[in-house]
Novice: 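Pasting a structure here, questions to come.
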Amino acid sequence: MITKLSHTTIFVIDQESAYDFYTNKLGFNVVDDIPVGTDARWLTVSPPEQPDLRINLFPITVGKMFPKETAQVMIDLVKNGKFGSGVFECEDVFATYEELRKKGVEFVKPPKKEFYGIEAQFKDDSGNWFSLQPRYNYDNL
Amino acid sequence: MEQVLKNKDYPKAYLYRRIVQSKLFIDKNYMKNIDVSNISDEANFSKFHFIRLFKQAFNKTPHQYLTFVRIEKAKALLQSNKSITDTCFLVGFESVSSFSGLFKKHVGITPSDFLKQCKKRKENVKRAPLSFIPGCFITNYGWDK
């Protein structure tokens, strides 16, 4: 029986820039920042109210995970916004939209009432897009 | 290309902007001696109207949010090896005892126990960094070579 999700990965173009985006703009906390060897870094962050979910900000660089051709394909896909990396919850979509825009976050969709509720969509500094939705009580649906 | 919300779809935009402004004011001034009156003045609201709107937007009263920010900043400072006394004053508390009490209430352990945990973790990370990374990532990324 699976009990929870502990780690997930977001592939980023530039790890240092992603660090700044996820901490200073989105307000996430750094959980791990561990140098590995001479040129790699294990960097995980978590949303403020979900400290036990580690989001691994992994840079797309040529190596075992991404041979040269694959790395270039991945970079193009991420930059072109082909990866929707998840749904983030907030208390109020309009307030969070205002706050994140003020901090320079780019929205590809401003808050809009859809048949499933109010939703906005923004991009991270690499090009990954996320949905922003209000906290739901799924038990009441 | 960025899409921006039009005012006609967003009749209460001015309210949201003022509430967000006050949240950002807390983010920037948490280390100062500020209270709800300062913050509601910043947003040009009456105190009670302001508290209600703030809580509606962020699920915390302005005071709860200020405490939350101070405790989160304190955790970051303690993780970077700052002393408890320095941390207390750097995040805007006026006495170490009230800081320690609130810290324990929010984090579940005292600042000194938190500091000890951080030091221990840092030593362990330095000694065996890969033990803090799930093995599947280590092998997929080639970090085991």
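Atoms considered below: every heavy atom in the structure, side chains included; atoms not considered: hydrogens, waters and symmetry mates. In what follows, chains are A, B, ... by sequence order, proteins preceding strands, each numbered from 1.
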Novice: Could you look at A:Phe66 and say if it's the side chain, the backbone, both or neither that has a heavy atom under 4.5 Å from chain B?
Specialist: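 For A:Phe66, no heavy atom lies under 4.5 Å from chain B.
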
Novice: Below 4.5 Å from any heavy atom of chain A, which atoms of B:Lys122 appear? Answer side chain, backbone, both or neither.
Specialist: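 Contact with chain A is absent: no heavy atom of B:Lys122 under 4.5 Å.
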
Novice: Less than 6.0 Å separating the ring centroids of A:Phe58 and B:Tyr141?
Specialist: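 Here the rings of B:Tyr141 and A:Phe58 have centres that are less than 6.0 Å from each other.
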
Novice: Go through the side-chain N and O atoms of B:Asp113 and B:Gln117 and say whether any donor and acceptor fall under 3.5 Å apart.
Specialist: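 Side-chain D/A pair, B:Asp113 to B:Gln117: absent.
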
Novice: Would you call B:Asp35 and B:Lys47 a salt bridge, using N to O less than 4.0 angstrom?
Specialist: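 Result for this pair is no, no salt bridge flagged.
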
Novice: With a 4.0 Å cut-off, would you call B:Lys116 and B:Glu123 a salt bridge?
Specialist: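 B:Glu123 and B:Lys116: not salt-bridged.
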
Novice: Which atoms of B:Glu72 are under 4.5 Å from chain A, going by heavy atoms: the side chain, the backbone, both sets, or neither?
Specialist: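 The side chain, not the backbone.
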
Novice: Using a 4.5 angstrom heavy-atom cutoff, name the option from B:Ile133, B:Leu15, B:Ile19 with the most pairs to chain A.
Specialist: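 The option with the most such pairs is B:Ile133.
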
Novice: Between the side chains of B:Asp27 and B:Tyr65, does any donor sit under 3.5 Å from an acceptor?
Specialist: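 The answer is yes; a qualifying pair exists.
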
Novice: So how far is it from A:Glu16 CD to A:Arg41 CZ, rounded to the nearest 0.5 Å?
Specialist: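 Between A:Glu16 CD and A:Arg41 CZ, I get 4.5 Å after rounding to 0.5 Å.
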
Novice: For A:Thr44, is it the side chain, the backbone, both or neither that has a heavy atom under 4.5 Å from a heavy atom of chain B?
Specialist: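 Interface part for A:Thr44: neither.
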
Novice: Chain B heavy atoms under 4.5 Å from A:Pro134: which part of the residue, side chain, backbone, both or neither?
Specialist: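 Nothing of A:Pro134, per the 4.5 Å heavy-atom cut-off to chain B.
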
Novice: A:Thr96, A:Val93, A:Ile34: which one forms the most heavy-atom pairs within less than 4.5 Å of chain B?
Specialist: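 Winner by heavy-atom pair count: A:Ile34.
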
Novice: Do A:Lys102 and A:Glu99 meet the salt-bridge criterion of a basic N to acidic O distance under 4.0 Å?
Specialist: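 Salt bridge absent between A:Glu99 and A:Lys102.
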
Novice: Can we call the ring centroids of A:Phe88 and A:Phe28 under 6.0 Å apart?
Specialist: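 Ring centres of A:Phe28 and A:Phe88 closer than 6.0 Å.
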
Novice: Would you mind checking which part of A:Lys113 comes under 4.5 Å of any heavy atom in chain B, side chain (CB onward), backbone (N, CA, C, O), both or neither?
Specialist: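 It is neither, since no heavy atom gets under 4.5 Å.
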
Novice: Among B:Gln79, B:Gln21, B:Lys126, which residue has the highest count of heavy-atom pairs closer than 4.5 Å to chain A?
Specialist: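 Option with the top pair count is B:Gln21.
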
Novice: Just give me the residue among B:Ala57, B:Ala76, B:Pro129, B:Gly142 that pairs up with chain A most often, heavy atom to heavy atom, under 4.5 Å.
Specialist: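 Between B:Ala57, B:Ala76, B:Pro129, B:Gly142, the count favours B:Ala57.
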
Novice: Using a cut-off of under 4.5 Å for heavy-atom pairs, which of B:Phe137, B:Phe58, B:Phe68 has the most such pairs with chain A?
Specialist: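 It is B:Phe137.
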
